[in-house]
Colleague: 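One structure is given below, represented as structure tokens, and several questions about it will come after.
Hydrogens, waters and symmetry mates play no part in the numbers below; they use all other heavy atoms, side chains included.
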There are 2 protein chains.
Amino acid sequence: MGKDSEKELVGVKEIARRANVSIATVDRVLHHRSGVSEKTKAKIQAIIEELDYKPNILARRLASKKVLHLAVLIPLVSQETDYWNAPLMGITQAEEEIASYGVKIHKYFFDLNDRSSFVEQANLIADSQCDGVLLAPMFIEESKSFIQSCISKDMPYVLINSDIPEQNSLCYIGPNLYASGYLAAHLSGFLLTETDQILIVNISKEIDNHHHLLRKEEGFREYFSVNKRANDIFKIDIRQTTYEYVKSSMQNALDNKNIKLIFVTNSRVSSVARFLEETNIHGIKVIGFDFLKDNIEFLKKGTIDFLICQKPIEQGYKGIMTLYNHLVFSQEVEKVYHMPIDIITKENYLYYRN
Amino acid sequence: MGKDSEKELVGVKEIARRANVSIATVDRVLHHRSGVSEKTKAKIQAIIEELDYKPNILARRLASKKVLHLAVLIPLVSQETDYWNAPLMGITQAEEEIASYGVKIHKYFFDLNDRSSFVEQANLIADSQCDGVLLAPMFIEESKSFIQSCISKDMPYVLINSDIPEQNSLCYIGPNLYASGYLAAHLSGFLLTETDQILIVNISKEIDNHHHLLRKEEGFREYFSVNKRANDIFKIDIRQTTYEYVKSSMQNALDNKNIKLIFVTNSRVSSVARFLEETNIHGIKVIGFDFLKDNIEFLKKGTIDFLICQKPIEQGYKGIMTLYNHLVFSQEVEKVYHMPIDIITKENYLYYRN
DNA sequence: CTGAAAGCGCTTACAG
DNA sequence: CTGAAAGCGCTTACAG
């Protein structure tokens with residue numbers, strides 16, 4: 001008994017009856033609206049507490065015709081990588097789920113290779129007077145100034161995929177980059193002897209800004225240092241993302257060495273795998289990131305040994321739901337929600353969700 | 001335009017207006033209730049189709065006071081293993097989420113070591129006239145006859161954790177046992193040379209029925225056979241779950257061999273790890289199952305190398321939500337929903353969700 | 001076989 | 001500062 005039997009019937013009506021006021025007044029204090037005398041406000045609040053009143057969300061959404069506008073700012077899916085298709089799917093899924101609850105989602109896309117497109121879209125959002133923003137802060141400086149305008153407009157915002165320092169964001173949802181690098185190193189450890197050579201590969205047009213890649217590299221190196229492993233670790237930054245460029249860079253990097261394992265710090269690992277396959281290089285283990293079609297193909301064939309994946313779909317989904325739950329239910333949110341660090345192999349990729 | 005602009009306003013009222021009937025009549029055909037002439041029924045249905053009417057679920061649940069009763073039948077959490085606490089958490093989480101939508105969940109527990117307790121509880125459910133059942137069919141025969149009574153009473157049921165052949169279940173939600181054994185073998189492969197010896201350990205009071213353990217073993221062996229690896233594979237079935245019994249069994253099993261890796265087919269892997277630790281045996285790799293406190297402790301210390309986990313919380317959660325979505329929204333369900341096969345290590349366990 | 005009316009628990013003008 | 005009333009889109013008796 002107790003728990004089960006009590007709550008049942010408590011609604012605004014009951015509260016109004018007990019407080020000897022109208023339900024409209026109860027509604028006012030429920031929503032912290034002005035225009036209620038301190039005295040009656042206090043009385044009503046006491047009753048709300050006492051009864052542990054929980055509003056009926058169904059009725060709330062039904063009665064209120066207010067629609068909630070959420071803006072999303074993420075990279076455009078490019079032909080170079082369809083990684084961003086995944087978060088977008090999660091966002092769309094959330095959208096479908098809450099559409100009937102009066103939520104509208106407005107999507108803005110920018111080009112990963114074009115900072116100005118980011119600024120442009122960000123400005124559109126800033127002017128749109130929406131109720132909340134989901135943001136992938138790929139360009140640090142530009143993101144910071146966008147965030148400033150969000151703050152000044154009192155728009156809550158959620159960051160996904162990569163975090164940015166100094167932030168008043170509602171929360172960050174995404175990987176712990178350092179930890180994922182560390183794990184990659186641990187897996188590497190299984191594949192190597194103490195003397196095998198390792199190559200770390202960062203592939204990105206804008207490596208300076210891509211703290212993510214560098215933080216993964218740090219985590220990776222840390223593992224070897226903590227475990228006092230003697231393996232030589234080389235590294236290369238590849239600043240053009242075309243296959244031809246990756247190929248020639250890799251040729252140079254492998255030259256005159258005896259690399260046994262390559263750690264690619266992002267989803268571009270398929271370029272490296274393609275290179276190894278085309279040039280008929282065998283006996284090198286490969287670890288990279290993300291559950292993308294190309295990557296999975298190489299995983300199946302055994303050219304890639306491990307992929308680390310961090311639920312990009314769920315990042316998008318959770319991002320939207322967090323905004324929704326915060327705005328509609330005033331739900332408290334964790335400041336940081338690190339995604340699980342999933343290990344994908346030939347044997348379990350079929351069962352990977354997200 | 002198009003998609004966005006159209007639907008907005010279509011409700012029972014509009015349908016009623018167009019069909020020249022009352023909304024009560026519209027409601028009748030919406031719910032396939034009797035008492036409507038074929039003629040008006042056809043007219044209304046045509047309009048519903050034409051308008052692509054989607055009922056407002058909020059209003060539906062709000063107006064209808066009908067409560068949905070779901071029954072859950074799972075093992076009691078024992079002091080021997082708290083595995084079943086996880087699915088229970090997922091069930092409770094789902095319960096909280098949909099409680100305000102008029103769903104009541106009734107939990108029945110049985111003792112894993114006592115078949116009769118299963119039958120007892122199953123009978124209670126069969127008599128309870130609930131609207132749907134979530135079931136962990138640990139005892140095959142008893143489950144089959146319970147399922148028969150569900151079918152005869154037209155109660156939909158969902159299976160979790162382990163599947164049972166011949167089934168008209170709404171769906172199965174749980175691991176692909178064979179595949180998880182296969183993956184375990186793949187991971188083992190990384191840790192071994194071609195000549196290292198392997199020991200498979202099944203720990204359970206009722207191994208005959210526990211097809212799950214045996215199917216994992218099969219998957220495990222299959223990997224070595226497919227990949228033509230020459231490792232000797234030994235096995236032992238331990239039919240008492242107390243630590244003392246496990247310990248002495250393990251002592252025997254290791255005697256006179258040079259085992260380099262132990263594969264424990266379920267969550268009892270911590271007993272084996274404890275044994276290795278207490279008897280100061282080093283240099284044996286260990287792979288087992290499930291994200292349990294004890295197991296994680298040994299993972300941290302390095303006694304256990306890999307844990308394979310299959311989101312038990314989510315199994316419970318999805319089980320309930322599947323019943324709910326099926327009963328409330330008539331949502332179609334996949335017959336089989338295999339959980340991802342997660343690999344847990346020292347480095348990523350902190351980020352594991354579920 | 002069909003419809004008018006009340007009600008689910010809340011919000012929103014509107015009037016005072 | 002406060003309340004009476006209409007309405008959100010649907011369901012449920014009840015009456016015919």
Colleague: Quick one: are B:L159 and B:C171 in side-chain contact, heavy atoms under 4.5 Å?
Modeller: no

Colleague: Output the rounded distance in Å from OH (A:Y53) to C1' (C:dG9).
Modeller: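 Computing the A:Y53:OH to C:dG9:C1' distance gives 7 Å.
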
Colleague: Rounded to whole Å, how long is the line connecting atom CZ of A:R61 with atom C1' of D:dC8?
Modeller: 12 Å

Colleague: Quick one: list whatever passes salt bridge (charged side-chain N to carboxylate O under 4.0 Å, His left out) with B:E120, sequence neighbours left out.
Modeller: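 For B:E120 there are no salt bridge (charged side-chain N to carboxylate O under 4.0 Å, His left out) partners, ignoring immediate neighbours.
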
Colleague: Quick check for you: among C:dG3, C:dC10, D:dT2, whose closest atom lies nearest to any side-chain atom of A:V36?
Modeller: D:dT2

Colleague: Which listed nucleotide (C:dT2, C:dT12, D:dC10) is nearest to the side chain of A:A24?
Modeller: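 Ranking C:dT2, C:dT12, D:dC10 by closest atom to the A:A24 side chain puts C:dT12 first.
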
Colleague: Heavy atoms from C-beta onward define the side chain here; which of D:dC1, D:dG7, C:dC8 lies closest to that of B:L62?
Modeller: C:dC8

Colleague: Counting only N and O atoms by type, is there a donor-acceptor contact under 3.5 Å from the side chain of A:Y351 to the main-chain atoms of B:M339?
Modeller: no

Colleague: Just to confirm, is there a sub-4.0 Å distance from OP1 or OP2 of D:dT2 to any side-chain nitrogen or oxygen of A:T25?
Modeller: no

Colleague: Under 4.0 angstrom, heavy atoms only, what part of the nucleic acid is A:L30 near: base, sugar-phosphate, or nothing?
Modeller: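 If one applies the 4.0 Å heavy-atom cut-off, A:L30 turns out to touch nothing in the nucleic acid.
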
Colleague: When all nucleic acid strands are considered with a 4.0 Å heavy-atom cut-off, which category describes B:S34: base, sugar-phosphate, or nothing?
Modeller: nothing

Colleague: Looking only at the side chain of B:A59 (C-beta and beyond, no hydrogens), which of the listed nucleotides C:dC10, D:dG9, C:dG3 gets closest?
Modeller: D:dG9

Colleague: Could you check which nucleotide pairs with C:dA4 in any of the strands shown, counting Watson-Crick or G-U wobble with both distances under 3.5 Å?
Modeller: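 Its partner is none (no Watson-Crick or G-U wobble pair with both distances under 3.5 Å).
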
Colleague: Using a strict threshold of under 4.0 Å (side-chain N to carboxylate O), is an ion pair present between B:R18 and B:E50?
Modeller: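 Salt bridge flag = yes for B:R18 with B:E50.
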
Colleague: Parallel, tilted or perpendicular: which one describes the rings of A:F110 and A:F118, with boundaries at 30° and 60°?
Modeller: perpendicular

Colleague: Please give, in whole Å, the distance from D:dG9 P to A:R60 CZ?
Modeller: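 From A:R60 CZ to D:dG9 P: 19 Å.
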
Colleague: Hey, is the side chain of B:R33 poking within less than 4.0 Å of OP1 or OP2 on D:dT12, counting only N and O atoms?
Modeller: yes

Colleague: Are OP1 or OP2 of D:dC10 and a side-chain N or O of B:S64 less than 4.0 angstrom apart?
Modeller: no

Colleague: Reading DNA chain C from 5' onward, which residue's closest nucleotide shows up sooner: A:K13 or A:R28?
Modeller: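 Taking each residue's closest nucleotide, the earlier one in sequence belongs to A:K13.
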
Colleague: Do B:S152 and B:S149 meet the criterion of a side-chain donor-acceptor pair at a distance under 3.5 Å?
Modeller: no

Colleague: From D:dC10, D:dC8, C:dT12, pick the nucleotide closest to the side chain of A:A63?
Modeller: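 Output: D:dC8.
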
Colleague: Measure from CG on B:N20 to P on C:dA4 and round the result to the nearest Å.
Modeller: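 Atom CG in B:N20 sits about 11 Å away from atom P in C:dA4.
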
Colleague: Expressed in angstrom and rounded to an integer, what is the separation of B:I44 atom CD1 from C:dT2 atom C1'?
Modeller: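 Rounded to the whole Å, the gap is 10 Å.
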
Colleague: Would you tell me if any nitrogen or oxygen in the side chain of B:S37 comes within less than 4.0 Å of OP1 or OP2 on C:dT2?
Modeller: yes

Colleague: Please report the distance, rounded to the nearest Å, between CD1 in A:I23 and P in D:dA5.
Modeller: 11 Å

Colleague: Rounding to a whole Å, what distance do you find between A:K43:NZ and D:dC1:P?
Modeller: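 Those two atoms, NZ and P, are 15 Å apart.
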
Colleague: Nearest-Å distance, CG (A:N56) to C1' (D:dC8)?
Modeller: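 A:N56 atom CG is separated from D:dC8 atom C1' by 13 Å.
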
